[in-house]
Amino acid sequence: MAQSIDIQGGGLFQIAEPEAPSKRRRKPGKAIGIDLGTTHSLVAIAPNGAAPRVLADAEGQTLLHSVVSYAGGEVVVGRAARAVAVEHPEQVLSSVKRFMGRGPKDIDFTHPYRLADDAQVVRLDVADPGQPPRYVSPVEVSARILEVLRDRAEHELDDDVSGAVITVPAYFDEAQRQATKDAGRIAGLEVFRLLAEPTAAALAYGLDRQGRGEHGEGSFAVYDLGGGTFDISILRLRAGVFQVLATSGDSALGGDDFDRALAGHLRELAKLSAPSPAQQQELMLAARAAKEALSDAEVTSVTLERCELGPTQVTRAQLDALILPLVKRTIKVSKAALSDAGVDKRELDGVVLVGGSTRVPLVRKLVEQAFGREPLADIDPDKVVAYGAAIQADILSGSEREGVTLLDVVPLSLGLETMGGIVEKIIPRNATIPISARQVFTNYSEKQTGMTVHVVQGERELADDCRSLARFELRGIPRLPPSMARVEITFELDADALLTVTARELMTGVKQSIEVKPTYGLSGDEVDELVMDSLDHAREDFAARNLAEARVEMGRVMLALRTAIDEVGSIEGMLDPEEHAQILAALVECEAVMQQSEHADPINKAREQLEKRSEPFARRRMERALRAGMAGKSLAEIESALAEEQALDERRGAHAAEVIEPQ
Ligand code: ADP
Ligand code: MG
């Protein structure tokens with residue numbers, strides 16, 4: 001049978017002040033900002049408060065194609081890799097950001113790669129044809145891209161890069177953020193922090209200085225349509241501090257989909273029913289070139305060698321018709337995000353365009369219509385995120401820049417499973433990060449020497465309805481009288497929303513901690529769904545929680561009483577036979593009520609009666625313990641008696657965690 005422990009003070013928990021970002025002294029002016037994009041990546045610097053600038057390679061190119069080739073057993077990054085994509089479609093990896101922190105089961109989009117389907121996380125086979133498999137992970141591939149950018153920065157900064165800020169989409173979950181951080185580490189970068197892309201864009205526009213009124217308030221929408229992802233974020237500014245009010249988007253919608261739509265059209269024109277991988281690549285590259293040309297021109301011409309299509313005209317009107325449903329989808333999601341944030345479009349102080357795909361005229365037109373104002377677009381939409389990352393990197397390295405604090409929020413509550421399968425929320429939904437929270441649990445019986453810590457995420461009251469993040473065991477708790485052990489559980493959520501859970505027994509210092517790295521996480525839609533779900537189930541959850549709590553409390557009172565009877569019941573004058581029989585009868589009745597009742601009330605009533613009936617016995621035990629103390633009995637025995645009494649007093653409203661059986 002599992003035994004229980006209490007939370008001291010019943011459901012109370014203490015939230016420490018959010019920790020400031022690391023206070024370590026860093027070299028000013030040597031930190032870099034990186035936009036690790038699906039399609040393009042960039043590195044920028046903004047040393048010592050200077051205006052940010054993007055760094056170029058030896059040929060003067062600033063945009064690095066996020067493409068890595070493994071063909072011929074050689075690793076090639078960027079433009080040169082993209083150039084051989086047609087010949088080696090399976091070994092030239094692009095848009096690898098879509099695979100970051102994901103499992104094979106999450107991959108619901110089309111791609112030309114060979115995936116290992118046995119693994120927990122995606123691995124891609126990049127071996128030459130006929131060779132045994134050679135697997136690379138998306139993290140390694142991203143690290144290759146980051147290495148190139150790091151080299152570029154080291155060249156500029158005389159080999160002295162102190163660290164980096166890397167941007168991620170606003171609703172990257174923990175697994176995706178962790179994967180990005182790992183990629184940075186593999187590339188030899190100290191990742192100061194990850195920064196949400198929309199927040200970076202807002203920083204680049206200096207929106208933190210555009211607040212109105214005495215509190216400097218403002219609301220902004222950031223519309224980011226890149227190559228592979230769409231993000232819409234509603235930010236609120238107050239006194240120079242940004243808060244993300246709502247984020248939404250589609251992690252599988254971007255300019256690549258425009259390319260695919262146009263490639264499909266070209267394929268029809270070329271009358272190809274089943275193009276080879278090489279032909280498919282040619283179609284995609286031609287489609288992208290045509291799409292980009294159509295941002296400036298009304299008409300362009302396409303010629304496909306491999307697909308045997310002579311010079312053919314494509315018009316902007318044709319492209320618009322092909323991509324209209326995709327763009328409309330982004331508008332629908334944008335409107336939903338506004339209403340989520342409780343912001344009317346008339347209250348917005350600005351709309352920011354981010355991402356190469358916002359150059360498409362149809363996108364600009366529909367965004368302007370939807371928000372009823374002309375969007376901000378005078379900073380190059382390809383570079384704006386890297387600029388913001390560079391500014392943040394400069395702030396974190398301690399430069400004398402007017403600093404802003406950027407707030408991110410926890411999308412779903414984080415908590416622990418407690419006895420009865422009840423969830424005790426430790427960090428509530430929408431708390432701003434970084435944050436740490438602590439809660440002290442105590443032992444219930446002296447037999448327990450360990451406990452199971454089960455970390456869950458979600459809004460529902462029962463652990464079964466939440467998402468399980470991690471489970472670990474704290475062993476080696478000393479055998480102590482009830483409620484004398486102090487097990488402190490700490491949840492630490494760092495600036496990148498990565499969670500570390502630590503359990504520590506305060507008397508012995510026995511400690512166990514776990515970094516929570518789910519294999520894959522939740523999309524923005526799934527988060528919304530879970531929150532809606534909790535609202536839908538609020539009433540029944542409340543009842544289920546009450547019932548579970550009533551059972552837990554009843555179980556504990558009964559166990560304490562039985563233990564006391566075993567220990568002191570036979571001692572002269574402690575329990576006369578009639579009283580003993582009454583208590584035993586009450587225990588039997590309580591057991592039955594607990595088993596049969598589906599409601600909390602009858603169980604609580606029965607428990608109160610049991611407590612009343614056994615009160616004289618409890619008082620006698622207390623008096624005896626005190627007398628024993630005066631007779632020179634050990635301090636431990638007095639404490640034991642006091643603690644037992646205290647436990648009886650505190651049981652109302654207390655929760656308990658499931659514990660493992662002692663060895
Ligand atoms: P990501 O952040 O996903 O790496 P980017 O912001 O670099 O993406 O945007 C890349 C996308 O922007 C690609 O789909 C590319 O075709 C598109 N793009 C770039 N320039 C233009 C342009 N002039 N017109 C239309 N689309 C463009
Ligand atoms: Mg981008």
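One is the number of the first residue; the rest follow in order along the sequence. Start at 1 and go down the list; that is how both ligands and their atoms are numbered. Here the structure is a predicted model, which means the values were calculated and not measured.
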Should [X] and [Y] count as an ion pair when the cut-off is N to O under 4.0 Å?
X: D250; Y: R329; answer: yes
X: D257; Y: R98; answer: yes
X: E147; Y: R150; answer: no
X: D57; Y: R79; answer: no
X: R316; Y: E298; answer: yes
X: R53; Y: E156; answer: yes

Protein heavy atom at shortest distance from [atom]:
atom: atom 3 (O) of ligand 1; result: G227 N, 2.8 Å
atom: atom 4 (O) of ligand 1; result: T39 N, 2.7 Å
atom: atom 23 (N) of ligand 1; result: R359 CD, 3.5 Å
atom: atom 19 (C) of ligand 1; result: E292 OE2, 3.5 Å

For [X], counting its heavy atoms only, list the atoms of ligand 1 lying under 4.0 Å from any of them.
X: T38; result: 1 (P), 3 (O), 4 (O)
X: G355; result: 6 (O)
X: K291; result: 13 (C), 14 (O), 15 (C), 16 (O), 17 (C), 26 (N)
X: G37; result: 4 (O)
X: G228; result: 3 (O)

Taking only residues at least two apart or on different chains, which pairs with a member in residues 282-340 satisfy ring-ring contact (aromatic ring centres under 6.0 Å, His included)?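 As it turns out, there is no ring-ring contact (aromatic ring centres under 6.0 Å, His included) pair with a partner in residues 282-340 once direct neighbours are skipped.
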Is there any N or O on [X] that sits under 3.5 Å from an N or O of ligand 1?
X: D259; answer: no
X: D35; answer: no
X: G226; answer: no
X: L225; answer: no

What do you reckon, does G254 put a non-hydrogen atom under 4.0 Å from ligand 1?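 It does not; every heavy atom stays at 4.0 Å or beyond.
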Option of least heavy-atom distance to atom 25 (C) of ligand 1 (set: G255, A386, S295, P361):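 Selected option, by shortest heavy-atom distance: S295.
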Would you indicate which of S66, A290, G356, A293 comes nearest to atom 12 (O) of ligand 1 when only heavy atoms are counted?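 The option holding the nearest heavy atom is G356.
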Does the Lys NZ or Arg CZ of R236 fall within the cation-pi geometry relative to F220 - under 6.0 Å from the ring centre and within 45° of the axis?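 Not flagged: R236 not positioned over aromatic ring of F220.
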Verdict with reasoning, T330 to Y223, per side chain to side chain donor-acceptor pair (under 3.5 Å): CA-CA 9 Å; T330 69; Y223 177 102; 2.7 Å; yes
Check step by step if side chain to side chain donor-acceptor pair (under 3.5 Å) holds for S137 and E140. CA-CA 5 Å; S137 70; E140 288 167 69; 3.2 Å; yes
If we check side chain to side chain donor-acceptor pair (under 3.5 Å) with S95, which of these qualifies: T38, D256, T229?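 Filter result, single survivor: D256.
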H40 and ligand 1 - part of the residue with a heavy-atom distance under 4.0 Å: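 Both the backbone and the side chain of H40 come within reach of ligand 1.
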